[in-house]
Amino acid sequence: MTTILRANLIHTPALGRLETIPRGYLVLEDGVIRGLYEALPEEWAACPVTDYGEALLMPSFADLHLHAPQYPMLGMGMDLPLLDWLDAYTFRTEARFADLNYARRVYRRLAGELIAWGTTRVAVFSSRHTDATLVLMEELERAGVTGYVGKVNMDRNSGPAQETTAQSVDETLRWLEACRFAHVKPILTPRFTPSCTDALMAELGRLAQERDLPVQSHLSENTGEMAWVRELHPDCSQYWETYGKYGLWKAGTLMAHCVHSDGREQAAMAEAGVWAVHCAASNVNLCSGTAPVRELLDRGVRVALGSDIAGGDQLSMSRAVTMAIRASKQKQMETGAPFLTVPEAYYLGSTAGHQYFGGGAGFQPGDRLHAIVVDDAALPEPARELCLSERFERAVYLMEKEHIRAVYSEGRQVK
Ligand code: GUN
Ligand code: FE
């Protein structure tokens with residue numbers, strides 16, 4: 001089936017590149033992009049057109065790091081540093097997800113809100129609970145959110161949410177067996193080095209290698225955490241090696257934060273093809289620091305953005321984008337490293353994340369459409385006529401979910 005969308009087309013095919021087609025046409029065949037056109041080619045002249053008028057059609061967001069069971073604790077414990085925040089709030093909140101009715105309620109709402117805010121691809125941490133993790137996957141699939149979900153592994157230092165090593169391994173196997181979703185796939189998720197014994201890390205690494213499964217975790221987020229990792233693994237000179245020694249450091253591994261990753265750790269990421277997920281709001285909220293995003297990019301590390309709720313206090317990825325810009329300006333004031341421009345940060349919060357899942361350069365022919373339609377006419381009336389790149393900038397900074405008029409995920413309209 002041919003679908004033709006008409007709108008102001010805006011996309012970010014590469015870091016720092018912004019392309020616009022005023023009042024252009026985007027043609028889909030069964031949800032797959034055929035092309036973007038300034039004028040509608042003759043062959044489709046007879047097809048009906050979905051006309052979004054003056055609205056902006058842009059890539060949807062990809063949130064490559066968030067904790068689904070922390071959704072109920074958004075905006076809580078924000079005056080604590082990471083390790084105290086985990087003990088005082090996080091582990092207790094996650095322990096509630098043994099209750100499947102509670103999980104269903106929270107995850108249904110979360111999945112709906114992700115779509116409402118234009119997030120169509122995710123890499124999510126669940127809790128340690130297998131059944132609640134399956135509920136999460138089901139709710140995401142139902143809402144039209146695609147990507148990876150991980151049952152979290154945590155067999156030490158994890159308070160009431162802790163599991164034994166044998167439980168953690170057995171439940172991971174049971175969960176992998178039960179994952180049968182079309183667009184939501186499993187990702188192995190050792191929470192972080194302090195919460196996983198060596199035996200557990202070794203088992204997960206073996207699974208990652210043997211079954212070619214992707215991996216996500218946390219890296220060099222906070223100095224207290226890093227000192228703890230050094231105590232736990234005196235044989236490793238850097239944090240990343242604690243993942244490396246068990247086969248968890250491989251192409252496509254997602255590492256959230258990397259706030260304190262130095263040149264050597266960054267080089268290890270670039271060499272292995274490990275991605276850094278930058279979560280600017282969380283890093284400020286928990287006083288973790290300001291990640292060296294420009295440095296990571298310059299060294300050839302792939303970077304995407306994450307909301308990291310509930311370390312981050314906003315589910316909105318447009319806010320994660322503007323927060324990443326602000327953090328990069330803070331970094332520039334400290335180190336002189338050039339800040340992220342709006343098109344650069346938007347690329348990191350959208351297209352880069354889609355590329356993690358195999359997407360191409362912006363709205364690329366052959367890809368299933370992941371897009372949002374933003375109605376910026378409801379924003380305050382500007383003092384003069386704005387060009388498309390100005391309207392894009394304003395929309396990125398100011399959009400609320402009410403301005404997101406339509407959302408396409410995997411080629412299907414889901415809002
Ligand atoms: N490190 C280990 N667990 C967590 C978590 O839940 N949030 C954040 N921000 N860092 C972590
Ligand atoms: Fe996190």
Side-chain angles (χ1 to χ4, degrees), residues 63-97 110 122-129 133 136 148-163 168 187-197 200-201 204 215-229 232 239-240 242-243 248 253-261 275-291 304-315 317 320 323 327:
D63 187 345
L64 263 55
H65 185 75
L66 71 156
H67 296 264
Q70 295 174 25
Y71 187 47
M73 53 173 275
L74 274 182
M76 292 178 69
M78 296 276 85
D79 293 341
L80 294 173
L82 173 67
L83 300 176
D84 298 333
W85 173 82
L86 287 173
D87 280 334
Y89 287 90
T90 314
F91 294 144
R92 288 171 206 200
T93 302
E94 292 191 11
R96 274 293 313 271
F97 287 78
L110 172 65
V122 292
V124 194
F125 281 53
S126 176
S127 59
R128 74 167 174 82
H129 311 96
T133 302
L136 171 60
Y148 289 149
V149 170
K151 173 225 170 307
V152 167
N153 298 99
M154 41 203 268
D155 68 340
R156 66 173 174 187
N157 301 319
S158 303
Q162 192 166 308
E163 52 192 356
S168 191
I187 181 167
L188 294 176
T189 307
R191 182 174 203 116
F192 69 154
T193 298
S195 65
C196 297
T197 60
L200 179 56
M201 294 275 257
L204 294 174
V215 175
Q216 62 180 351
S217 195
H218 294 91
L219 183 70
S220 300
E221 176 178 5
N222 162 290
T223 50
E225 167 210 22
M226 292 166 73
W228 195 11
V229 170
L232 293 167
Y239 194 161
W240 70 273
T242 65
Y243 298 115
L248 295 159
T253 291
L254 292 171
M255 283 291 160
H257 306 303
C258 311
V259 171
H260 302 283
S261 297
W275 286 55
V277 189
H278 175 45
C279 308
S282 168
N283 296 159
V284 174
N285 284 338
L286 301 177
C287 288
S288 299
T290 313
L305 302 186
S307 66
D308 192 28
I309 65 158
D313 52 297
Q314 304 282 337
L315 190 63
M317 281 301 290
M323 195 62 210

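Each ligand, and each atom within it, is numbered from 1 in the order the structure gives. Residue numbers start at 1 and run along the sequence shown.
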Relative to ligand 1, is F91 under 4.0 angstrom through side chain, backbone, both or neither, heavy atoms considered?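 Looking at F91 and ligand 1, no heavy atom falls under 4.0 Å.
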Could you tell me if Y243 and T253 have a donor-acceptor pair between their side chains, going purely by distance under 3.5 Å?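 T253 vs Y243: no donor-acceptor pair found between side chains.
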Are the side chain of [X] and the backbone of [Y] linked by a donor-acceptor contact shorter than 3.5 Å?
{"X": "N157", "Y": "P194", "answer": "yes"}
{"X": "N222", "Y": "E225", "answer": "yes"}
{"X": "S217", "Y": "M255", "answer": "no"}
{"X": "E221", "Y": "V259", "answer": "no"}
{"X": "E94", "Y": "Q70", "answer": "no"}

How many angstroms lie between atom CD of Q216 and atom CZ of F125, to the nearest 0.5 angstrom?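 Result: 4.5 Å between the selected atoms.
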Report yes if T90 has an N/O atom closer than 3.5 Å to an N/O atom of ligand 1; otherwise report no.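 Not met; the criterion fails.
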Less than 4.5 Å apart, any side-chain heavy atom of S307 and any of Q314?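 Of all side-chain heavy-atom pairs linking Q314 with S307, none is under 4.5 Å.
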Contact check, side chains of L232 and R156, non-hydrogen atoms, under 4.5 Å: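 Touching, per the 4.5 Å side-chain cut-off.
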Identify, by atom number and element, the atoms of ligand 1 in contact range of H257, meaning under 4.0 Å from any of its heavy atoms.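 So the atoms of ligand 1 that pass are 9 (N).
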Report, in ascending order of atom number, the atoms of ligand 1 lying under 4.0 Å from any heavy atom of F192.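 Going through ligand 1 atom by atom, the ones under 4.0 Å from F192 are 1 (N), 2 (C).
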Could a heavy atom of W85 be found less than 4.0 Å from some atom of ligand 1?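 Heavy atoms of W85 do come under 4.0 Å of ligand 1.
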Give me the residue, atom name and distance of the protein heavy atom closest to atom 3 (N) of ligand 1.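 The closest heavy atom on the protein side is R191 NE, 2.8 Å.
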Pick whichever of E225, M154, Q70, E221 has a heavy atom sitting closest to atom 8 (C) of ligand 1.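 Looking at heavy atoms only, the winner is E221.
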Which residues and atoms, protein N, O or S only, are under 2.8 Å from the Fe ion (ligand 2)?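 Listed by chain and number, the nearby protein N, O or S atoms are H65 NE2, H67 NE2, H218 NE2, D308 OD1.
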